[in-house]
Amino acid sequence: MQFYPLGEDKIYGKPITVSKDQLIEIKLRKIVARIKTQNYLDMIGRSHSIPVMDHEVEIFLKKIPKNGLILDIGGCWGWHWRNIDHKRNDVGIVIIDFVRSNLPHALNILGSNVNKQIVLMHADATKLPFKINSKFKGFDGVWTVQTFQHIPNYEKAVREAYRVLKKKGVFINYSLNIQPHIAFIKSILGRDYLAEGWVKGSYWLARASIKQKEQIEMIFESRVFERWTEILYSPEMHFYSPGKEGSLLGKIDSLLSNNYGFLGWFARQKSFFVKKK
């Protein structure tokens, strides 16, 4: 695979041009990226359930062939892959993010595995810098967590993911789920609950929907499977305990994750999974 230039920051890629409607989000993400901490996993546990997503990574890796290559779109700090050298040392990971200042944090989490088993790249999900040809046939898997939900042109991002996948390659996209009980509680408190639209002065948000599922099915021409995760974990209700690394509640939460909608009404997160023909 031929990458873009490697910078002194150990990150591949050159400056990118993103759509105007994402400039506000980039400004916000750059401010967040200024954070300095030695407790990355503690911070992550306030936005994602680490035990649940560690479990999801294990399920995903079972679908990746030996010596497979994975593209993580919007991988940010790269924490999903912090144990990849122990779980699958045959697999390669390319993590891309459209905010370059996010990626140095991944260096701190992933350590010496960067530019060995894992590569960090500054790139845009709607214009992936990979040419499919006889030398590079594509990725075996595309993984993305709560990234496509912030891209106004969702369909374009999915088409790019499809383009760079090999035949039989797998795609999974996690997004925030629509939670009726949270919407109800917020309405009682006089607060808005956004299913799709602009978060003022911040970013675009489109929670997982039937429309998104139909777009993926149209592009892949294959059935899309749904999965519900983060049943117990609820930062919206300030219930962070299940999100902590090693949390017993988090491990129970990972076992509650399911493909059949059981407890889906409560699930904070929903994913779409599909295989390329």
TODO: State whether a side-chain donor-acceptor pair under 3.5 Å links T126 with D124.
DONE: yes
TODO: Begin from the C-alpha positions of E160 and R163 and carry the test salt bridge (Lys or Arg N to Asp or Glu O under 4.0 Å) through to its verdict.
DONE: CA-CA 5 Å; E160 276 293 271; R163 180 182 67 81; 2.8 Å; yes
Open item on the list: Can you confirm if the NZ or CZ of K63 lies within 45° of the ring axis of F273 and under 6.0 Å from the centre of its six-membered ring?
Closed with: yes
- [ ] With K276 as the cation and F220 as the aromatic partner, state whether NZ or CZ is under 6.0 Å from the six-membered ring centre and within 45° of the axis.
- [x] no
Could you give the distance from [atom1] ([X]) to [atom2] ([Y]), rounded to the nearest 0.5 Å?
{"X": "I35", "Y": "N102", "atom1": "CD1", "atom2": "CG", "value": "12.0 Å"}
{"X": "F98", "Y": "T17", "atom1": "CZ", "atom2": "OG1", "value": "13.0 Å"}
{"X": "N67", "Y": "R88", "atom1": "CG", "atom2": "CZ", "value": "8.5 Å"}
{"X": "W204", "Y": "E25", "atom1": "CH2", "atom2": "CD", "value": "12.0 Å"}
{"X": "I93", "Y": "D85", "atom1": "CD1", "atom2": "CG", "value": "10.5 Å"}
{"X": "S202", "Y": "H150", "atom1": "OG", "atom2": "NE2", "value": "8.0 Å"}

Just so I know, are the side chains of [X] and [Y] near enough to count as touching, which here means a heavy-atom distance under 4.5 Å?
{"X": "Y203", "Y": "W198", "result": "no"}
{"X": "K270", "Y": "Q212", "result": "no"}
{"X": "L263", "Y": "W228", "result": "no"}
{"X": "Q269", "Y": "L176", "result": "no"}
{"X": "I96", "Y": "V94", "result": "yes"}
{"X": "T144", "Y": "I172", "result": "no"}
{"X": "E56", "Y": "S257", "result": "yes"}
{"X": "V142", "Y": "Y162", "result": "no"}

Look only at the side chain of [X] and the backbone of [Y], and say whether a donor-acceptor pair between them is shorter than 3.5 Å.
{"X": "N113", "Y": "Q117", "result": "yes"}
{"X": "E226", "Y": "N259", "result": "no"}
{"X": "D253", "Y": "P242", "result": "no"}
{"X": "S101", "Y": "V99", "result": "no"}
{"X": "K277", "Y": "E221", "result": "yes"}
{"X": "N153", "Y": "K156", "result": "yes"}
{"X": "Q179", "Y": "F266", "result": "yes"}
{"X": "N258", "Y": "L256", "result": "yes"}

Kindly work out whether a path of hydrophobic side-chain contacts (I/L/V/M/F/W/Y, heavy atoms less than 4.5 Å apart) joins [X] to [Y].
{"X": "I84", "Y": "L120", "answer": "yes"}
{"X": "V52", "Y": "I231", "answer": "no"}
{"X": "V164", "Y": "I216", "answer": "yes"}
{"X": "I24", "Y": "L28", "answer": "no"}
{"X": "Y154", "Y": "V199", "answer": "no"}

Task: Under 4.5 Å side-chain linkage, directly or through intermediates, the cluster mates of F184 - done: I188
Task: Cluster companions of I185 among Ile, Leu, Val, Met, Phe, Trp, Tyr (side-chain spacing under 4.5 Å) - done: I178, I182, L189, Y193, M237
Between [X] and [Y], how do the two ring planes meet: parallel, tilted or perpendicular, split at 30° and 60°?
{"X": "W143", "Y": "F60", "value": "tilted"}
{"X": "W79", "Y": "H48", "value": "tilted"}
{"X": "W77", "Y": "Y40", "value": "perpendicular"}

Applying salt bridge (Lys or Arg N to Asp or Glu O under 4.0 Å), can you list everything that pairs with [X], at least two apart in sequence or on another chain?
{"X": "E236", "result": "R268"}
{"X": "R159", "result": "E155"}
{"X": "D9", "result": "R100"}

Can you name the nearest heavy-atom pair linking [X] to [Y], along with the distance?
{"X": "S241", "Y": "L249", "result": "OG-CD1, 4.1 Å"}
{"X": "F239", "Y": "Y233", "result": "O-CD1, 3.8 Å"}
{"X": "R207", "Y": "N177", "result": "NH1-O, 3.3 Å"}
{"X": "I73", "Y": "A125", "result": "CG2-CB, 3.4 Å"}
{"X": "C76", "Y": "A106", "result": "O-CB, 3.8 Å"}
{"X": "I64", "Y": "D140", "result": "CD1-O, 3.9 Å"}

Task: Test side-chain contact (heavy atoms from CB on, under 4.5 Å) applied to I70 and V91, step by step - done: CA-CA 7 Å; I70 295 169; V91 169; 3.7 Å; yes
TODO: Test side-chain contact (heavy atoms from CB on, under 4.5 Å) on R82 and D54 and set out the steps.
DONE: CA-CA 10 Å; R82 69 195 187 282; D54 282 351; 2.7 Å; yes
Task: Residues Y240, D42; criterion side chain to side chain donor-acceptor pair (under 3.5 Å); working and verdict - done: CA-CA 10 Å; Y240 302 104; D42 286 347; over 6 Å; no
Task: Result of checking L165, L71, V224, I219 against F171 for side chain to side chain contact (heavy atoms under 4.5 Å, CB included) - done: L165
TODO: Look at atom CG of D192 and say whether more than 12 heavy atoms of other residues, nucleotides or ligands are closer to it than 6.0 Å.
DONE: no
- [ ] Inspect the surroundings of NZ in K137 and state if more than 12 heavy atoms from other residues, nucleotides or ligands are less than 6.0 Å away.
- [x] no
Task: Partners meeting side chain to side chain contact (heavy atoms under 4.5 Å, CB included) with K275 (sequence neighbours left out) - done: V170
Open item on the list: Set out, in order, the CA-CA distance, both residues' side-chain angles and the distance that settles side-chain contact (heavy atoms from CB on, under 4.5 Å) for N173 and S175, then state yes or no.
Closed with: CA-CA 7 Å; N173 170 39; S175 295; 3.7 Å; yes
Open item on the list: Test side-chain contact (heavy atoms from CB on, under 4.5 Å) on M121 and F130; report intermediate values, then the result.
Closed with: CA-CA 11 Å; M121 180 179 285; F130 308 108; 3.8 Å; yes
TODO: Step through it carefully: locate the ring centre of Y12, locate the ring centre of H122, and say whether they are under 6.0 Å apart.
DONE: no
Open item on the list: Any salt bridge linking R223 with E217? Criterion: basic side-chain nitrogen under 4.0 Å from a carboxylate oxygen.
Closed with: no
